[in-house]
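Predicted model, so just to flag it, every value in this text is computed and none were measured. In this chain, numbering begins with 1 at the start of the sequence shown. What's counted below: heavy atoms across the whole structure, side chains too, no hydrogens, waters or symmetry copies.
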Amino acid sequence: MLSLALNISPLLGNLLATLLTFVYVFGLLALLNWCVLNFKLPQDISRKITHIGAGSTIGFLPLYNDLHWSKYLNVAVFVLWIFLLVQKGLFANPDDEAVITMTRTGDRRELLRGPLFFVIVATICGTFFYKEFVGIVAMASLGWGDGIAPIVGRRVGRIKYTILSSKTLEGSLSMLVFAFIASVFFVWLVTPNQVNFMRIFLLALVATLIEGCSPKEVDNILIPVGVIIAALLTLSSE
């Protein structure tokens, strides 16, 4: 944690860690905006890279000192984005950075669905499941699994299936693989004593099945909720 590494107070260390999350998130958006405008990066790819990057903010959790209330500032960047997404979803211009990097079609109203659901879920996980196995796996599965799956599915997917929305087998398999790998990595990074490969695999499978059945736009809610419920049930059975 930063407070010990820099020999500063827990509050100051946690404030510094929070500042780093702001630099990371807004820096990533600026970079993706530049890539879309200058290198014609497809907006659907930019949207999912943002998705993956936002999910990866759990990598900043080890920087926080758990002994001070300011540890909950880890969600400050997401709380800010709740307000920003509402404002931008209602009033932003087409050339707004968030519209360019977080929407598929350039319609600002998309910000009020998937992206808004994501930051609300991230806020809940960072508050009620702070540094807990449950919240880490939920966010890793959502960020990386659900971030990679559409990219793979749209570009290399050949075997299609439809439940409530159209998916591909290749996309679903990539969801499983990346949800599992990301979950293992972030659990090891934040709470290494809780790494359980079989349990993480089963939760990644749950996330994959939910993603495969989810209607568009609401998977950002259904995936983490399903993973959290499954994780809590498996915990109670141990």
A.B. asks: Count I, L, V, M, F, W, Y as connected when their side-chain heavy atoms are under 4.5 Å apart, and connections chain through other members. Are Ile151 and Leu169 then in the same cluster?
C.D. replies: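 Ile151 and Leu169: separate clusters.
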A.B. asks: Would you compute the distance between atom NZ of Lys167 and atom OG of Ser214 and round it to the nearest 0.5 angstrom?
C.D. replies: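 OG of Ser214 is found 6.0 Å from NZ of Lys167.
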A.B. asks: With respect to Met102, which candidate in Leu29, Asn33, Leu32 satisfies the side-chain contact (heavy atoms from CB on, under 4.5 Å) definition?
C.D. replies: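 Running side-chain contact (heavy atoms from CB on, under 4.5 Å) over Leu29, Asn33, Leu32 with Met102 returns exactly one hit, Leu29.
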A.B. asks: Holding to side-chain contact (heavy atoms from CB on, under 4.5 Å), I want the full list of residues that pass it with Arg154, two or more places apart in sequence or in another chain.
C.D. replies: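 If we apply the side-chain contact (heavy atoms from CB on, under 4.5 Å) test to Arg154, skipping adjacent residues, the hits are Asp44, Arg104, Pro150.
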A.B. asks: Would Phe78 and Thr57 satisfy side-chain contact (heavy atoms from CB on, under 4.5 Å), going step by step from the backbone distance to the final call?
C.D. replies: CA-CA 10 Å; Phe78 294 119; Thr57 54; 3.1 Å; yes
A.B. asks: Is there side-chain contact between Val184 and Phe201, with at least one heavy-atom pair below 4.5 Å?
C.D. replies: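 Side chain of Val184 against side chain of Phe201, heavy atoms only: no contact under 4.5 Å found.
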A.B. asks: Given 3.5 Å as the limit, does a donor-acceptor pair link the side chain of Thr127 with the main chain of Ile124, or not?
C.D. replies: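 Flag not set: sc Thr127 to bb Ile124 has no pair under 3.5 Å.
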A.B. asks: Output a table of donor-acceptor pairs, distance under 3.5 Å, between side-chain atoms of residues 3-16 and any protein atom two or more places apart or on a different chain; print 'none' if there are none.
C.D. replies:
from: Ser3; atom 1: OG; to: Asn65; atom 2: ND2; distance (Å): 2.9
from: Ser9; atom 1: OG; to: Leu12; atom 2: N; distance (Å): 3.1
from: Asn14; atom 1: OD1; to: Asn65; atom 2: N; distance (Å): 2.7
from: Asn14; atom 1: ND2; to: Pro10; atom 2: O; distance (Å): 3.4
from: Asn14; atom 1: ND2; to: Asn65; atom 2: O; distance (Å): 3.3
from: Asn14; atom 1: ND2; to: Ser70; atom 2: OG; distance (Å): 2.8

A.B. asks: Are Trp34 and Leu37 linked, directly or through other ILVMFWY residues, by side chains that come within less than 4.5 angstrom of each other?
C.D. replies: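 Result: no, two separate clusters.
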A.B. asks: Looking at side-chain heavy atoms only, is the closest gap between Asp219 and Ile210 below 4.5 Å?
C.D. replies: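 The answer is no, as the side chains (C-beta and beyond) never meet within the 4.5 Å cut-off.
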A.B. asks: Please determine whether residues Leu19 and Phe60 belong to a single hydrophobic cluster, defined as Ile, Leu, Val, Met, Phe, Trp and Tyr linked transitively by side-chain heavy-atom distances below 4.5 Å.
C.D. replies: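 Result: yes, single cluster for both.
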A.B. asks: Hydrophobic clustering (ILVMFWY, side-chain heavy atoms < 4.5 Å, transitive) - are Phe133 and Val190 grouped together?
C.D. replies: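 Linked, Val190 and Phe133 end up in one cluster.
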A.B. asks: Using atom types as modelled, flag every donor-acceptor pair under 3.5 Å from a side chain in residues 81-89 to any protein atom, sequence neighbours excluded.
C.D. replies:
from: Lys88; atom 1: NZ; to: Asp96; atom 2: OD1; distance (Å): 3.3
from: Lys88; atom 1: NZ; to: Asp96; atom 2: OD2; distance (Å): 3.0

A.B. asks: Could you go step by step and tell me if Asp146 and Phe178 meet the side-chain contact (heavy atoms from CB on, under 4.5 Å) rule?
C.D. replies: CA-CA 9 Å; Asp146 189 47; Phe178 281 92; over 6 Å; no
A.B. asks: Are Val79 and Val75 close enough that some pair of their side-chain heavy atoms sits under 4.5 Å apart?
C.D. replies: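 Yes; the side chains approach each other to less than 4.5 Å.
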A.B. asks: Give me each pair satisfying salt bridge (Lys or Arg N to Asp or Glu O under 4.0 Å) with a member in residues 121-144, each pair once, sequence neighbours excluded.
C.D. replies: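 Every salt bridge (Lys or Arg N to Asp or Glu O under 4.0 Å) pair that includes a residue of residues 121-144, provided the two are not neighbours, is Asp66-Lys131.
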A.B. asks: As a quick check of understanding, evaluate side-chain contact (heavy atoms from CB on, under 4.5 Å) for Leu112 and Leu90, giving each step before the final call.
C.D. replies: CA-CA 8 Å; Leu112 299 174; Leu90 294 174; 4.0 Å; yes
A.B. asks: State the OG1-CD distance between Thr103 and Gln43, to the nearest 0.5 angstrom.
C.D. replies: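 Answer for the OG1-CD pair, Thr103 versus Gln43, is 4.5 Å.
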A.B. asks: Is Phe128 atom CZ crowded by more than 12 heavy atoms from other residues, nucleotides or ligands, each under 6.0 Å away?
C.D. replies: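 No.
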A.B. asks: Is the shortest side-chain heavy-atom distance between Phe197 and Ile200 below 4.5 Å?
C.D. replies: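 No, their side chains stay 4.5 Å or more apart.
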A.B. asks: Can you find a heavy atom in the side chain of Thr168 that is under 4.5 Å from one in the side chain of Arg158?
C.D. replies: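 The answer is no; the side chains never approach within 4.5 Å.
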A.B. asks: Kindly indicate, with the supporting measurements, whether the criterion side-chain contact (heavy atoms from CB on, under 4.5 Å) is fulfilled by Phe186 and Ser56.
C.D. replies: CA-CA 8 Å; Phe186 285 114; Ser56 298; 4.1 Å; yes
A.B. asks: Taking the six-membered ring for Trp and the single ring otherwise, decide whether the centroids of Phe185 and Trp144 are under 6.0 Å apart.
C.D. replies: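 No: the rings miss the under 6.0 Å criterion.
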A.B. asks: About how many Å separate CG of Leu20 and CG of Leu2, when rounded to the nearest 0.5 Å?
C.D. replies: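 The distance works out to 6.5 Å.
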A.B. asks: Rounded to the nearest 0.5 Å, what's the gap from CZ on Arg108 to CZ on Phe91? Could you check?
C.D. replies: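 It is 8.0 Å, given to the nearest 0.5 Å.
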A.B. asks: Does Ile136 reach the side chain of Ser183, with side-chain heavy atoms less than 4.5 Å apart?
C.D. replies: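 No, their side chains stay 4.5 Å or more apart.
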A.B. asks: For residues Leu111 and Leu116, determine if any side-chain heavy atom of one lies less than 4.5 Å from a side-chain heavy atom of the other.
C.D. replies: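 Heavy-atom side-chain distance check fails, nothing below 4.5 Å.
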A.B. asks: Hey, what do you get for SG (Cys125) to CD1 (Ile120), rounding to the nearest 0.5 Å?
C.D. replies: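 It comes to 12.0 Å.
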A.B. asks: When you compare the side chain of Tyr64 with that of Tyr72, does any pair of heavy atoms fall below 4.5 Å?
C.D. replies: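 Not touching, per the 4.5 Å side-chain cut-off.
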A.B. asks: Hydrophobic cluster membership, with links at side-chain heavy-atom distances under 4.5 Å among I/L/V/M/F/W/Y: are Leu73 and Tyr130 in one?
C.D. replies: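 No, it is not one cluster - the side chains of Leu73 and Tyr130 are not joined through contacts under 4.5 Å.
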A.B. asks: Does any pair with a residue in residues 101-126 pass ring-ring contact (aromatic ring centres under 6.0 Å, His included), and if so which ones, sequence neighbours excluded?
C.D. replies: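 As it turns out, the ring-ring contact (aromatic ring centres under 6.0 Å, His included) pairs with a partner in residues 101-126, which skip direct neighbours, are His51-Phe118.
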A.B. asks: In Å, rounded to the nearest 0.5 Å, how long is the span from CD1 of Ile45 to SG of Cys35?
C.D. replies: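 One gets 12.0 Å once the value is rounded to the nearest 0.5 Å.
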A.B. asks: Give a yes or no answer on whether the side chain of Asn74 reaches the backbone of Gly126 with a donor-acceptor pair at less than 3.5 Å.
C.D. replies: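 Yes, because the side chain of Asn74 sits within donor-acceptor range (under 3.5 Å) of the backbone of Gly126.
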A.B. asks: Under 3.5 Å, which donor-acceptor pairs link side chains of residues 220-231 to any protein atom two or more places apart or in another chain?
C.D. replies:
from: Asn220; atom 1: ND2; to: Gly114; atom 2: O; distance (Å): 2.7

A.B. asks: So which of Thr208, Val137, Asn196 actually passes side-chain contact (heavy atoms from CB on, under 4.5 Å) with Leu203?
C.D. replies: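 Going through Thr208, Val137, Asn196 one by one, the side-chain contact (heavy atoms from CB on, under 4.5 Å) with Leu203 is satisfied by Val137 alone.
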A.B. asks: Take atom CZ of Arg109 as the centre, draw a 6.0 Å sphere, and report whether it contains more than 12 heavy atoms from other residues, nucleotides or ligands.
C.D. replies: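 Check fails, neighbour count at 12 or below.
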